[in-house]
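Before any comments, here is the structure.
When a ligand or atom number is given, it counts from 1 through the structure's own listing order.
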Amino acid sequence: MKRRDFVKKGTLGSFAALIGTELVFGSKMLNGYTPLALQEPDPFKLFNKHKDMVVLNDKPWNIEAQAHLLDDKITPNSCMFIRNNGLVPEAIDPKTWTLEIDGESVKNKKKYTLADLKSKFKHHTYQLTLECGGNGRSEFDPPAKGNQWTVGAVHCASWTGVRLRDVLEDAGIESSAVYIGYHAIDKHLSLDPNKEPISRGCPMQKALQDETLLAFKMNGEDIPLVHGYPLRLVAGGWPASVSGKWINRISVRNKVHDGTKMTGTAYRVPCTPVAPGEKVKDEDMCIIESMPVKSLITYPKTGAILKKGQSLNIRGHAWAGELEVAKMEYSIDFGSTWRTCNIEQPANRLAWQHFSASIDFPKSGYYEVWARATDTNGIAQPMLLPGWNPKGYLNNACHRIAVKVK
Ligand SMILES: Nc1nc2c(c(=O)[nH]1)N[C@H]1C(S)=C(S)[C@@H](COP(=O)(O)O)O[C@H]1N2
Ligand SMILES: [Mo]
């Protein structure tokens, strides 16, 4: 029996079979009411996320990690943040799923089944860093509306799929092509079928990169429903909003894609810096492309207590959008002096890099460990806050943890 059928033919016995325990006051329940335990997502599993994940919103579902939950080199599903603009689709049948390639600049409009995609094109696997453009929003002042992400809206999972380039080339791209835009099946919160919750994209140059995938696997398994099952666009190093989940259509555009959340202030920042709180005209806002250099201390958790004389081994990850991280440093004196950390090469382009350092503290007391990455262009993370912008995007300030030496 399917959960959603409970409403129609539910008996107290079938509830017990589904949930594994008795529905104690079941006889008092109003006719037609579906117990929360049978609604999606299962409140006892909450998308199979770690119990320390933080729910920022449940309409739509937005759930973030905390720094210490991101300690794995490859982020497991349980610790991956969830960002939805609309409703998570239900009841997907992979056998009937299709991906259409259309748009002004496609040579031949084409439709592929999942089986076509999997059998016609070569499979590739990459570890790709996806960070929400609004990660760190909670720190901006004046505050920006939207999910108040702290540091946990980033993940680096291993994605397997076919290259978007191979599929686009199979359909044929006209020389007029400048952008691609994705379309997905998630519904707008208003349930208005004419409104898409989000439909973003990227310039052809990004669409045609080796690492830009139409993915059907994440960490070696089917993509979890909430992360885009059965097919997801993955474009590492760019705002994760470019990586459309549940996609069924990609349009090859002869102009910058103008879908939902491509225009106005969405995923845009002032083209030139503005004063905090300043009003910015739409035409002075630029689309966010490669994400800025950033890092996260994933061990220890902030609030660590050490014994005097004990050294502290910190570790974490650093990433720099389309670039690599060239240098990783830490400071224990509020940024007046910096020492280098070890930093590993990325597993592949657009994967985050792992760093570590062993820190000795001069005496007992309170310290903060600050981490700072510098990209291959010589640009470093700002210590406290980068430039303010109306929607609170791109906060790549140094991550900081509190430590006591006793
Ligand atoms: N179809 C669809 N794709 C989407 C979104 C969405 O709401 N619907 N949200 C985007 C945004 S803003 C982000 S940050 C990432 C989040 O990916 P995740 O939930 O797998 O972590 O998905 C992107 N792709
Ligand atoms: Mo996002």
Side-chain angles (χ1 to χ4, degrees), residues 41 46-50 53-65 69-70 75-90 92 97 99 128-138 144-149 151-159 180-190 195-202 212-219 222-250 257 259-262 265-269 287-288 291 391-395:
L46 210 57
F47 303 107
N48 295 313
K49 296 295 168 184
H50 190 287
M53 296 286 283
V54 181
V55 176
L56 300 182
N57 193 353
D58 63 354
K59 276 192 185 80
W61 283 101
N62 286 289
I63 299 180
E64 82 164 327
L69 297 177
L70 295 170
T75 316
N77 173 45
S78 60
C79 297
M80 289 174 70
F81 79 94
I82 298 173
R83 162 55 167 143
N84 291 316
N85 292 266
L87 301 166
V88 181
E90 285 174 44
I92 287 171
W97 190 273
L99 174 76
L128 298 166
T129 309
L130 296 186
E131 181 179 16
C132 180
N135 197 20
R137 174 177 291 135
S138 65
K145 285 201 194 103
N147 289 296
Q148 295 300 301
W149 304 107
V151 296
V154 61
H155 46 64
C156 184
S158 168
W159 296 92
I180 61 109
Y182 66 75
H183 298 276
I185 66 148
D186 47 336
K187 290 200 181 70
H188 195 270
L189 290 177
S190 68
K195 281 194 186 158
E196 290 179 293
I198 189 166
S199 168
R200 304 199 68 241
C202 59
T212 301
L213 298 180
L214 289 167
F216 37 76
K217 279 185 184 288
M218 187 189 97
N219 296 341
D222 282 347
I223 302 174
L225 175 65
V226 77
H227 293 294
Y229 179 80
L231 192 66
R232 174 173 201 170
L233 177 65
V234 198
W238 284 43
S241 50
V242 175
S243 295
K245 307 192 272 192
W246 314 293
I247 57 164
N248 63 355
R249 181 156 69 96
I250 289 195
H257 182 56
T260 309
K261 307 224 168 174
M262 280 304 296
T265 51
Y267 302 103
R268 290 177 182 234
V269 290
I287 299 174
I288 301 169
M291 292 292 285
K391 282 289 197 82
Y393 294 123
L394 307 185
N395 178 2

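Between the Arg137 side chain and the Ala144 main chain, no donor and acceptor come within less than 3.5 Å of each other. Between the side chain of Asn85 and the backbone N or O of Arg83, no donor-acceptor pair lies under 3.5 Å. Although no hydrogens or angles enter the test, the distance criterion places no donor-acceptor pair under 3.5 Å between the side chain of Asn84 and the main chain of Gly86. Although no hydrogens or angles enter the test, the distance criterion places a donor-acceptor pair under 3.5 Å between the side chain of Trp246 and the main chain of Leu225. In this structure a side-chain-to-backbone donor-acceptor pair under 3.5 Å is present from Ser199 to Tyr182. Checked by atom type and distance alone, the side chain of Tyr393 pairs as donor or acceptor with a backbone atom of Tyr267 at under 3.5 Å. Using a distance-only test at 3.5 Å, with no hydrogens or angles considered, no donor-acceptor pair links the side chain of Arg249 to the main chain of Gly181.
Of all protein heavy atoms, the one lying nearest to atom 7 (O) of ligand 1 is Asn85 N, 2.7 Å. Closest to atom 23 (C) of ligand 1, if we only count protein heavy atoms, is Ala240 O, 3.3 Å. Among protein heavy atoms, the minimum distance from atom 8 (N) of ligand 1 is reached at Asp186 OD2, 2.7 Å.
Only the side chain of Ala184 comes within contact range of ligand 1, with a heavy atom under 4.0 Å; no backbone atom does. Residue Arg232 touches ligand 1 through its side chain alone, judged by heavy-atom distances below 4.0 Å. Heavy atoms of Tyr267 found under 4.0 angstrom from ligand 1 belong exclusively to the side chain. Heavy atoms of Pro60 found under 4.0 angstrom from ligand 1: none, in either backbone or side chain.
For Lys187, the NZ atom is loosely surrounded, since the number of other residues' heavy atoms within 6.0 Å does not exceed 12.
Close contacts between ligand 1 and Ile82 involve ligand atoms 19 (O) [criterion: under 4.0 Å to a heavy atom]. Contact atoms of ligand 1 toward Trp246: 1 (N), 2 (C), 8 (N) (distance under 4.0 Å to a heavy atom of the residue). Ligand-side atoms of ligand 1 in range of Asn84: 7 (O), range being under 4.0 angstrom from any heavy atom. When each atom of ligand 1 is checked for a heavy atom of Cys132 under 4.0 Å away, the hits are 14 (S). Near Gly244, meaning under 4.0 Å from one of its heavy atoms, ligand 1 places the atoms 3 (N), 24 (N).
Atom CE of residue Met80 and atom CG of residue Asn48 lie 13.0 Å apart, to the nearest 0.5 angstrom.
Taking only nitrogen or oxygen atoms, main chain and side chain alike, Ser241 does not reach within less than 3.5 Å of ligand 1. An N or O contact shorter than 3.5 Å links Lys245 to ligand 1 by distance. For a threshold of 3.5 Å applied to N or O pairs, the pair formed by Ile198 and ligand 1 contains no separation below that value.
Within the 4.0 Å heavy-atom cutoff, His155 counts among the residues contacting ligand 1. The closest approach between a heavy atom of Ser243 and any atom of ligand 1 is below 4.0 Å.
Residues Lys245 and Asp186 have side chains not in contact (no heavy-atom distance under 4.5 Å, counting atoms from C-beta outward).
Here the shortest heavy-atom distance to atom 16 (C) of ligand 1, taken over Arg83, Glu196, Met80, His227, belongs to Arg83.
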### Message
Could you walk me through whether Thr260 and Lys195 satisfy the side-chain contact (heavy atoms from CB on, under 4.5 Å) test, starting with their C-alpha distance in whole Å, then the side-chain angles of each, then the deciding distance to 0.1 Å, before giving a yes or no?
### Response
CA-CA 8 Å; Thr260 309; Lys195 281 194 186 158; over 6 Å; no

